[in-house]
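Each remark here refers to the structure printed beneath this line.
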Amino acid sequence: MTGTGKALLAALEHLEAGRLSKTEALCSRILKTAPRQADAWRLAGLAAAKAGRMAEAHERLGMAVRCAPDRNNLRLNHAAALAASGLPSADALRLTLALEPARDDLWAALAAAAAREEGTAATIGPWRALAGLRPTDGDLRRNLGVALHETGRLREAMAAYGEAIRLSPFRAEAYFNRANALRDTGDQRSAARAYRVALALAPASAGAARNLGLVLLPADPRAAAAAFRIAARVEPERVDAAFDVATALLASGDPGGALAVFDETLGRHPERPDGHNGRALALRDLGRSGDHATARALALDPGMAEAWVNRAQGWLELGRPSAAGIGSRRALRLRPGYPAAVDLLARSLHASGHPERALAVLRRMVALTPILPRGLHSNLLLIQQSDPCADSGSLLAEHRRWNRLHTPPPGARISPAPRRAATKPLRIGYLSADFYTHSVATFFEPLLAAHDRRTVHTICYAAVRRPDPTTTRLRALADEWRDVAGLGDEALAALIRADGIDALIDLGGHTGESRLGVLAMAPAPVRLTALGYPGTTGLSLEGRMIDPIIEPPDSQHRSSEPLIHLPDGFLCYRPPDDAPAPQRRNGNSGAVTFGSFNTLGKLTGSVIAVWADVLSAVPDSRLLLKSPGLGDPAVSEDLRRRFASHGVASDRIDLVGWTASRADHLALYGRIDIGLDPFPYNGTTTTCEAMWMGVPVVALAGDRHAARVGMALLTRVGLTDLIATDPSDYRRIAASLATDAPRRAALRLELRDRMRDGPLGDAAGLARAVEAACRRLLEAAPLS
């Protein structure tokens, strides 16, 4: 052995024994005589590394590589030193792999270094190479899938996860990862199946249970609650796990269960503002005040946008839209573009009597976020009905856009149950969130009661959050009743199919808690919409039941559904049992009082201008307005200012907010001589109430459904002369009726009989027309 060889061997022995200074001294002597001795540089570098002098180690080991670039062990030492000193080592590892490409340990080291130094995308190549070197290793495929997933290459990721599952079919992690990828592609159904397999293989996987719950929550909150409970049992100390359970219970229509979970968890963790905010939601769904819970949430976290929305919603429900507007704006300052806050701000403006401003808010949101959340988009459509500038073509286009964005594609439809023999009873399903004391129930109850039970079987699908005595009454009238508030669209569609419904009739359209997504899944051979929404839904259904006066045969171009004309209209009015009898008008000194009890959201600037003209045309006349928002002093003062801008003194305007009971509400019609119908969004329930109490109503006929309801109602009671063709005609008719006290007195005593004895009181006739339409469409439906 040469002298250099002996010296190197001695230096190695010193290094292994931890005598680092002797190692370095020997290497230094060697390098003085042989400055390109690679092993001397290597041993000196390793000694420096062990001594913690990483900069010197990096320099010495790099010199060793330069002296012997074809020796891979030198490159590996250099790469290790780079990594230990916090310097990039991935490129050094790539150089080593160029010399030994079959080294799987080096590919693994490169994957780790690339992840640390260059990002996830740089790890894809090393994981692919490793997978090629170890063709039976499922974990490597899973690692490759994770890298592809994190870089957005979802299809490739799912293929890699699939290979991982094939190679390691009992590894829960691979199913979990694949479920995440399926979720991110939007395939929630397949994702749920994969999460369930992951849970079956690893029952204590809180992540799989929670992700399963999140996937299920929109479509099946009851099943989501069960999944969240698994996660909560696995991690009992994780507060969020309990709150997940409570949130799902709320969504499933079990606010009592949600409140119990919130109360128990907050008893242990009272410092959680999100828990107090959720508790407020549960209390509200139970019909109780949640203000104190929301206040507690905001005291703990004044910057919690969700709590400000919740508080604003409470104010809106209490008839304080101005305060609700302030709360929703606060939420938007905290979280710009927050959809729930935008929606609440729009509804607050609408309830304050500013539909134009509400539309502007929603349209600005559309400009920033073209794809609105489904409920927010429906609210835009509903408020658009008040827009005098909207034409039927633009309305239809926006409703069809809603359908494209928010309903399942045709391939997601479920097959309806096979058609049954025509001799069996017709099975009609009614779907609504308004089976409680609500305008829809006012018109639906007489229809439901009048169906011929010998030939018709009715099933009500009630998505009701807060049932009341009206709910109980309707339940008793239906052949079968399903509480479906907690069912998602897919689960509800499956239930309807299982019930073998022949004709499914939606009563809500784009109003609150819309369930149009269920109709889009085609769970019944005949799908219809009627009653609750003033216009087309935008869906391609089998029909929309309509009054031929509201939408004549030549108006089909305004509707996405075929128009099903019921000869005497689609409405039958059920007056409240406690409605007082009409009384002779006892006005002051013969002065005429006009009135309207419509929501303020229908009072556009054009309506106020025309009503002001009517008051100007009738000296000493007054205007009585009643709406929940008028209990808000700021809203009342604003409305008085708007009329004052048209020359109407504020002392000629009487404003009323809430009343204690329905009877008190109806009794106020005793102070009104003539009702004024808003436009282009006419009243329906309010017009029927007015006429039931003996008050004639003046209406303006428009060019679309919402603008022609008043025309249809007046025609049905023989008052076509009170239908105006333009604002000038509206003013003339109102002023003329104001001078005809004998006619008004006669109508006060006649109108109730006209309604009771005419089409608006003919529940049996309406029921027969609905049944006939359903049978005709069912016969024409394709066999399944």
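We number each residue from 1, following the sequence as shown.
Test R357, R363, K602 against D387 for salt bridge (Lys or Arg N to Asp or Glu O under 4.0 Å) and you get one pass: R363. Tested against D677, the residues V709, V607, L714, T687 include a single side chain to side chain contact (heavy atoms under 4.5 Å, CB included) partner, T687.
Classification of D654 and R622 as a salt-bridged pair holds, one side-chain N sitting under 4.0 Å from a carboxylate O. Ionic pairing of R662 and E689 is present here: one or more N-O contacts between side-chain nitrogen and carboxylate oxygen are shorter than 4.0 angstrom. Looking at R704 and E551, no side-chain N of the basic residue comes within less than 4.0 Å of a carboxylate O on the acidic one, giving no salt bridge. A salt bridge links E317 and R466; the closest N-O separation between the charged side-chain nitrogens and carboxylate oxygens is under 4.0 Å. Between R744 and D740, none of the side-chain N atoms (NZ, or NE/NH1/NH2) sits under 4.0 Å from a carboxylate O, so this pair counts as no salt bridge. One finds a salt bridge joining E771 and R768 here, because a Lys/Arg side-chain nitrogen approaches an Asp/Glu carboxylate oxygen to under 4.0 Å. Between R743 and D721 there is a salt bridge, with a side-chain nitrogen of the basic residue lying less than 4.0 Å from a carboxylate oxygen of the acidic one.
W402 and H510 have perpendicular rings, their planes meeting at more than 60° on a 0 to 90° scale where under 30° would count as parallel.
A distance of 11.0 Å separates CG of L380 from CE of M365, quoted to the nearest 0.5 Å. Between atom CZ of residue R527 and atom CG of residue L431 there is a gap of 12.5 Å, rounded to the nearest 0.5 Å.
Taking the six-membered ring for Trp and the full ring otherwise, H399 and Y533 have centroids separated by under 6.0 Å. Aromatic ring centroids of Y669 and F597 lie under 6.0 Å apart. For Y730 and F679, the ring centers are positioned less than 6.0 Å apart. The aromatic ring centres of Y430 and Y461 sit 6.0 Å or more apart.
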Between I564 and I546, does the side chain to side chain contact (heavy atoms under 4.5 Å, CB included) criterion hold? Intermediate values first, please. CA-CA 6 Å; I564 309 300; I546 195 64; 5.8 Å; no
Please step through side chain to side chain contact (heavy atoms under 4.5 Å, CB included) for the pair L447 and C572, ending with a clear verdict. CA-CA 7 Å; L447 168 62; C572 178; 5.9 Å; no
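Pairing each heavy atom of T458 with each of A478, the nearest pair is OG1-CA, 3.8 Å. What you find for D343 and N379 is that their closest heavy atoms are OD1-ND2, 2.7 Å.
Within 6.0 Å of CG on D664 lie more than 12 heavy atoms contributed by other residues, nucleotides or ligands.
Looking at R544 and T536, their side chains never bring a donor and an acceptor atom within 3.5 Å of each other.
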